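First the structure, in the form of C-alpha cells, and then the observations on it.
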Amino acid sequence: MDALDIVEEGPYRYRIEPRGGMRVPGVVFASRELLQDAGKSLDQVANVATLPGIVGASYAMPDIHWGYGFPIGGVAATAVDHGGVVSPGGVGFDISCGVRLLAADQTQQELAPALDEVMDGLGQVIPRGAGPGAVWRLSGRGELERVLDGGSRYAVEQGHGEPGDLERCEDGGAVPDADVEQVSGRAMERGLGQVGSLGSGNHFLEVQRVAEVYDEAVAAAFGLSPGQVCVMIHCGSRGLGHQVCSDHVRVMNRVMAQYGIDVPDRQLACAPVESPEGRAYLGAMAAAANYGRANRQLLAEAARRIFRRSTGARLSLVYDVSHNLAKIETHQVDGEPQRLCVHRKGATLALPPGDPSLPGDLRDVGQPVLIPGTMGTESYVLTGVVGGGAFHSTCHGAGRVMSRHAAARTVGGRELRSRLEAEGVAVRSSSWRGLAEETPEAYKDVSSVVEVSEGAGLCRGVARLTPLGVVKG
DNA sequence: ATGTTC
C-alpha cells in the first residue's frame with residue numbers, strides 16, 4: 001500500500017485524506033511521538049473508513065495499536081437508517097472489556113498495617129489466569145441465561161452487590177436487547193464456569209491510592225479524595241465473549257457478499273445493522289456485554305468481603321464502564337439527529353456534563369472515565385467534556401509496544417516481582433511467565449496517552465491513582 | 001484478549 005497522506009489538522013489531531021474506497025477521512029488524535037508508534041495500524045484506520053454507512057471519520061485514540069481488522073483505539077459510527085454496518089472486529093474479541101473503580105472509606109495510612117493481609121485475602125479469592133475459575137457457581141444454563149439478560153442488575157438482584165451499585169454502572173448495569181438465542185452452545189459452555197474471574201494478559205485487580213486530584217469538585221462528586229484507598233478491576237467477558245466474536249465473524253464473512261459489501265480486509269467482516277446477521281450479532285454482543293458486567297460485579301463483591309473482613313472498610317462503586325462495545329446512539333450529523341451504531345474498540349465512552357443518561361448526582365460533572373495503567377504504573381480518572389469529538393469517546397489505557405515474547409525476554413517473573421515489591425507494590429500473580437509478559441516496559445506511557453487525550457479535547461483529568469498492590473492473571 | 005492453533 002502507498003504511504004497514507006497525513007495532514008496535521010490542529011493540536012494533537014491528524015487527518016488521513018480519503019483515497020481509494022475510503023468514504024470518510026481518518027482522524028487520529030495523537031502527539032507526533034504517539035503517531036510514530038501507531039505505525040501500520042494507521043492503515044487499519046484507513047480500512048475502517050471504507051465501511052458502508054460510516055459517518056464523520058474513522059477515528060483513532062492516542063493509544064492506537066494493531067488489532068483484529070479495526071485498530072485497538074478505534075472509533076467508527078455507521079448510520080443505521082442508511083445501510084450502516086456493524087462489525088464484530090470493531091468491538092473486539094473481549095466484548096465489554098472494561099474497568100470498575102471502587103472507593104474505600106479508608107486512607108492509605110489506615111490500610112497500611114493490614115495491606116499484606118488484604119493482598120493475601122484477594123490472592124486467595126480472586127480466580128485468575130487462563131481457563132475456568134469463578135466466584136459465582138451458577139446453577140446451570142437457565143441461570144447463565146439470566147446473567148446474559150440482566151448483567152450486573154441480575155447479580156445485584158441475587159444478592160451480589162448493593163442497590164446503589166447500579167446507578168454507577170453504564171447502562172444501569174445491563175445492556176438492553178440481549179438475545180440469548182444468538183449465543184452458541186459452545187459459548188455457553190465456556191461461560192458457565194467463569195463468572196467472577198479476571199482472566200489473563202493485562203487484566204488485573206489493583207489496590208490503589210488517590211495520589212493526586214486535578215479537579216476537587218468533580219473528584220468529590222465521584223467520591224474521591226487525596227490519600228484515599230481504591231480498588232480498580234480491569235477484565236472482560238472471558239471465553240464467552242471470545243466465542244461470540246468468533247461465531248459471528250464466521251457468519252458475516254459468509255453473507256457479506258450477498259449484501260454487496262466488499263471490504264479491504266476479511267477481518268472487517270460486517271453486515272448491515274438492520275439485517276438478520278447484524279441484529280443477531282448485536283443481540284449476542286449485548287449478552288456477552290452483560291456477562292462482562294456481571295463478571296466485574298462479582299469480583300467487586302469478592303474484594304468488598306476481603307476489605308470488610310480484614311479492615312472493616314466499605315467499598316463504594318465509583319463507576320463501571322466498557323471500552324470494547326458497539327452501541328446504538330443518536331448523534332447530530334450535518335445538523336440532523338441520526339441513529340448511529342458507534343463502535344468503540346479500546347476506546348472509552350466519555351459522556352459530558354448534562355448528558356441525560358447520567359444519574360442525577362453525576363449530571364452536572366460528567367461521566368467518570370476510568371483509564372487503567374499497566375501493572376505497577378499509575379491509572380487515571382477522567383471525565384467527559386461538552387463538544388468532545390469522536391462521538392464522546394476517549395482513550396482506554398496504555399497500548400502494548402512490545403510483543404509478549406519480547407517482554408518475557410527482558411525480565412524474569414521473579415525478578416519483576418522483586419522489583420515491584422521494592423517499589424512498594426505488593427504482587428499476587430498466578431504465573432511467573434504471565435507476570436513477565438506484562439512488564440511495564442512492554443507498554444506505552446499511560447501518562448502521555450492521557451495528556452494527549454486531554455490536549456485533543458476528548459476528556460478532562462480528575463485524579464491520578466497509584467498502585468499499592470496488584471492481583472494478576 | 002482467548003480452554004494463548006478447529
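Note that the structure is predicted; figures quoted are calculated from it, not measured. A, B, ... follow the sequence lines: proteins, then strands. Residue 1 opens every chain.
Within 4.0 Å of Glu437(A), counting heavy atoms only, lies no atom of the nucleic acid at all. As judged by a 4.0 angstrom heavy-atom cut-off over every strand, Gly236(A) is placed among residues making no nucleic acid contact.
One can place CZ of Arg400(A) at 13 Å from P of dT2(B), the figure rounded to the nearest angstrom. As rounded to whole Å, 13 Å separates atom C1' of dT4(B) from atom CD of Gln194(A). In this structure, His242(A) places its NE2 atom 12 Å from C1' of dC6(B), rounding to the nearest Å. Per the geometry, CG belonging to Asn295(A) stands 10 Å off P belonging to dT2(B), to the nearest Å. Whole-Å rounding puts the Asn324(A) CG to dT2(B) C1' distance at 13 Å. One interatomic measurement links the two molecules: CD of Gln243(A) to P of dT5(B), which rounds to 15 Å at whole-angstrom precision. Nucleotide dT2(B) holds its P atom 5 Å from the CZ atom of Arg238(A), rounded to whole Å. Straight-line distance from the CZ atom of Arg128(A) to the P atom of dT4(B): 20 Å, rounded to whole Å.
Taking the six-membered ring wherever Trp is involved, the centroid distance between the rings of Tyr291(A) and Trp136(A) does not fall below 6.0 Å. Ring centroids of His323(A) and His234(A) are separated by less than 6.0 Å, placing the two rings close together.
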Practice item. Could you please spell out the steps behind the side chain to side chain donor-acceptor pair (under 3.5 Å) verdict for Asp94(A) and His203(A)? Key: CA-CA 11 Å; Asp94(A) 194 2; His203(A) 290 166; 3.2 Å; yes
Exercise for review: Just do the side chain to side chain donor-acceptor pair (under 3.5 Å) check on Ser197(A) and Arg128(A) with the steps written out, would you?
Suggested key: CA-CA 6 Å; Ser197(A) 64; Arg128(A) 55 198 190 276; over 6 Å; no
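Phosphate proximity of dT4(B) to Arg404(A): absent, as no side-chain N or O sits under 4.0 Å from OP1 or OP2. In this model, the phosphate group of dT2(B) is approached by a side-chain N or O of Ser200(A) to a distance below 4.0 Å at OP1 or OP2.
Taking the nucleotide of DNA chain B with the nearest heavy atom to each of Gly199(A) and Arg186(A), the more 5' of the two is matched to Gly199(A).
Ion pairing between a basic and an acidic side chain is recognised when a charged N comes within 4.0 Å of a carboxylate O; Arg296(A) and Glu301(A) show no such pairing.
Of the candidates dC6(B), dT4(B), dT2(B), dT4(B) carries the atom nearest the Ala130(A) side chain, counting heavy atoms from C-beta on.
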